[in-house]
Peer 1: 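I am attaching a structure below and will ask some questions about it afterwards.
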Amino acid sequence: MSTPEITGKTLFSKGWKWFVGVGVLTFILGLGAVYLPILAGVTITTLVGGIFLFSGLVQAYHSFKISGWKPKLWYALSALLYIIGGAFILFEPLKGLVTLTTLMVLVMIFNGVTRIIFGLSNRSTNGSQWLALSGLISVGIGVYFFTQLGVPEFSLSLLGIFVGVSMVIEGISFIFLGLQMKKAAN
């Protein structure tokens, strides 16, 4: 009995619906996150807190199987930090949300600085000025966001809005990719 031959055209003709479906779902969830940014931010924060707590508990359990007191001590200390961090986020979700938002803004600034440095140090490369410019814009927006973190409405909404906008763009991308797959299959 022979197996059916799978071609790129076959994959495109069957897979495009999934891309469009996932795209529509992601787009709708993104709109929901933009419309309810604090709820989205708290949801994200709760997931992160749960992951930290679970990781800490797994590490704590695993630390009992490690031989030698130095590695065991470092592993147990790391587990304790994960457990404390996860519990803090779960028991104080709004404070955890502000903490994650602050970290996101700091990463945005750092990422912008690295793009500026890379763009300026590679001036002979085509397009390096655009990389440096995008880094400058990221730093500027990041610094502005950082100055606004003291405003509760802003600091509680920013993470949810960022994730929501990202999901909307990703949803649109998946929809267009699925439609292109459908076109290629025909």
Side-chain angles (χ1 to χ4, degrees), residues 15 18-19 21-23 25-119 121 131 134-135 138-139 141-171 173-174:
W18 286 102
F19 276 87
V22 168
L25 181 63
T26 304
F27 179 82
I28 291 169
L29 290 173
L31 287 179
V34 169
Y35 184 70
L36 299 168
I38 295 174
L39 177 63
V42 170
T43 302
I44 293 161
T45 302
T46 302
L47 287 171
V48 169
I51 291 168
F52 279 10
L53 184 61
F54 179 76
S55 296
L57 292 172
V58 169
Q59 270 192 315
Y61 173 77
H62 184 66
S63 70
F64 290 110
K65 298 180 186 259
I66 296 175
S67 60
W69 71 272
K70 279 186 179 181
K72 183 179 285 214
L73 178 67
W74 285 110
Y75 213 79
L77 182 61
S78 173
L80 184 63
L81 289 174
Y82 271 109
I83 291 169
I84 291 170
F88 166 76
I89 290 171
L90 290 174
F91 291 123
E92 296 284 347
L94 295 179
K95 289 180 183 176
L97 175 56
V98 172
T99 302
L100 286 179
T101 302
T102 303
L103 287 172
M104 181 189 72
V105 169
L106 291 173
V107 167
M108 182 180 187
I109 293 169
F110 178 75
N111 189 342
V113 168
T114 58
R115 281 185 282 152
I116 292 169
I117 292 169
F118 186 79
S121 63
L131 187 63
S134 74
S138 288
V139 169
I141 293 171
V143 168
Y144 172 73
F145 286 168
F146 192 79
T147 64
Q148 298 298 309
L149 288 176
V151 179
E153 297 84 12
F154 183 83
S155 59
L156 293 174
S157 300
L158 186 61
L159 183 63
I161 291 171
F162 258 52
V163 169
V165 168
S166 176
M167 289 176 73
V168 164
I169 293 168
E170 186 172 342
S173 298
F174 268 75

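The structure displayed is predicted, hence computed values, not measured ones. When a residue number appears, it is its place in the shown sequence, counting from 1.
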Peer 1: Which atom names give the shortest non-hydrogen contact between Pro37 and Ile161, and what distance separates them?
Peer 2: CB-CG1, 3.6 Å
Peer 1: Which atoms form the tightest heavy-atom contact between Gly112 and Ser138, and what is the distance?
Peer 2: CA-CB, 3.9 Å
Peer 1: With ring-ring contact (aromatic ring centres under 6.0 Å, His included) as the rule and sequence neighbours excluded, what pairs involving residues 83-119 come up?
Peer 2: none
Peer 1: May I ask you to decide if Trp74's main-chain N or O and Ser78's side chain share a donor-acceptor pair within less than 3.5 Å?
Peer 2: no
Peer 1: When rounded to the nearest 0.5 angstrom, what is the spacing between CG in Leu103 and CG in Leu100?
Peer 2: 6.5 Å
Peer 1: Distance from Ile116 atom CD1 to Ser121 atom OG, nearest 0.5 Å?
Peer 2: 11.5 Å
Peer 1: How close do Ala60 and Ile83 get, counting heavy atoms only, and between which atoms?
Peer 2: CB-CD1, 4.3 Å
Peer 1: Where is the tightest heavy-atom contact between Ile38 and Leu97, given as atom of each residue plus distance?
Peer 2: O-CD2, 4.3 Å
Peer 1: Quick one: does Leu25's side chain get under 4.5 Å of Val22's, heavy atoms only?
Peer 2: no
Peer 1: Return the minimal non-hydrogen interatomic distance between Arg115 and Ser134, and the atom names on each side.
Peer 2: NH1-OG, 3.0 Å
Peer 1: Keeping Thr26 on the side-chain end and Gly23 on the backbone end, is there a donor-acceptor pair under 3.5 Å?
Peer 2: no
Peer 1: CD1 of Ile44 to CD1 of Ile89: how many Å apart, nearest 0.5 Å?
Peer 2: 12.5 Å
Peer 1: Hey, could you give me the CD1/CG distance between Ile84 and Leu53, rounded to the nearest 0.5 Å?
Peer 2: 11.0 Å
Peer 1: May I have the step-by-step check of side chain to side chain contact (heavy atoms under 4.5 Å, CB included) for Val165 and Val34, ending in yes or no?
Peer 2: CA-CA 7 Å; Val165 168; Val34 169; 4.1 Å; yes
Peer 1: Without swapping roles, check the side chain of Ser166 against the backbone of Phe162 for a donor-acceptor pair under 3.5 Å.
Peer 2: no
Peer 1: In Å and rounded to the nearest 0.5 Å, what is the OG1 to CZ distance from Thr102 to Phe146?
Peer 2: 7.0 Å
Peer 1: Can you see which heavy atom on Pro71 is nearest to which on Ser67, and at what distance?
Peer 2: CG-O, 4.0 Å
Peer 1: Please enumerate all residues that pass ring-ring contact (aromatic ring centres under 6.0 Å, His included) together with Phe174, with sequence neighbours excluded.
Peer 2: Phe19
Peer 1: How many angstroms lie between CD1 in Ile109 and CE in Met104, if you round to the nearest 0.5 Å?
Peer 2: 10.5 Å
Peer 1: Just so I know, are the side chains of Val139 and Val143 near enough to count as touching, which here means a heavy-atom distance under 4.5 Å?
Peer 2: yes
Peer 1: Using a 4.5 Å cut-off on heavy atoms from C-beta on, say whether the side chain of Val168 contacts that of Leu31.
Peer 2: yes
Peer 1: Could you work out, with side-chain hydrogen bond (donor to acceptor under 3.5 Å, both in side chains) as the rule, every residue matching Thr99, not counting sequence neighbours?
Peer 2: none
